[in-house]
S.K.: 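Sharing a structure with you now.
Whatever order the structure lists ligands and atoms in, that order sets their numbers, starting from 1. Residues take their numbers from the sequence shown, with the count starting at 1.
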Amino acid sequence: MAEATLDLRGLPKSEAYRELAAQLESILAGIDDPLTGMSTLAALVHHGFGHLWTGFYRVVAPGLLRVGPYQGTLGCLEIPFGKGVCGTAAARRQTVFVPDVNAFPGHIACDGRARSEIVVPVIDSRGELTAVLDVDSERLAAFDEADRAGLEQLVRRFAL
Ligand code: SME
């Protein structure tokens, strides 16, 4: 099987996320390893939309995130809950939008080109927070409600 990542940039976002979800489920059919799922999801979202950085920070100890599967330049290795955008989303267990990273106190700049980001919590079947999905863009205010809905739907596969 050799499926190329779809280029989703010409599509309305809701349609793009529908296509992406279908491609993800077709690639991962029969595989429930979460690391394989995270790696594949990160590759599809990153290349499909042309983002700057796309990946997961996993909860590796109480209150501590460590970088997991990602696409982009070198990510910071560890982020405590409550720090940066990722740590804020983890502490709140809620999606956090940052339209302008320079206006978010405590933003952690792994790649100085990042201008906006969205971080979505990943919750497992027992209701435990296991990771966050961080997506960064070089454009200001690149993310909106369609991204929230699309990304939250994609990570729901880790709750099954
Ligand atoms: N910007 C994130 C840190 C992770 S990276 O940008 C890859 C934050 O503030 O949590």
S.K.: Taking S116 for the side chain and R139 for the main chain, is one N or O donor matched with an acceptor at less than 3.5 Å?
M.R.: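 At least one qualifying donor-acceptor pair exists.
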
S.K.: Measure from the side-chain N and O atoms of W53 to the backbone N and O of T73, and report whether any donor-acceptor pair falls under 3.5 Å.
M.R.: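 A pair under 3.5 Å: yes.
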
S.K.: Taking the six-membered ring for Trp, is the centroid-to-centroid distance between Y17 and F49 below 6.0 Å?
M.R.: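 Centroid distance Y17-F49: below 6.0 Å, so yes.
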
S.K.: Could you go through F81 and T88, starting from their C-alpha distance and side-chain angles, then the distance that decides it, and tell me whether this counts as side-chain contact (heavy atoms from CB on, under 4.5 Å)?
M.R.: CA-CA 6 Å; F81 280 32; T88 301; over 6 Å; no

S.K.: Suppose the criterion is salt bridge (charged side-chain N to carboxylate O under 4.0 Å, His left out): which pairs have a residue in residues 45-68, not counting sequence neighbours?
M.R.: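 Listed by first then second residue: R66-E78.
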
S.K.: Give the protein residues with at least one non-hydrogen atom closer than 4.0 Å to an atom of ligand 1, ordered by chain and number.
M.R.: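 Within 4.0 Å of ligand 1, the protein residues are W53, Y57, I79, G84, V85, C86, H107, I108, C110, E117, D134, D136.
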
S.K.: Any side-chain donor paired with an acceptor under 3.5 Å for H51 and E138?
M.R.: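 Distance-only check fails for H51 and E138.
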
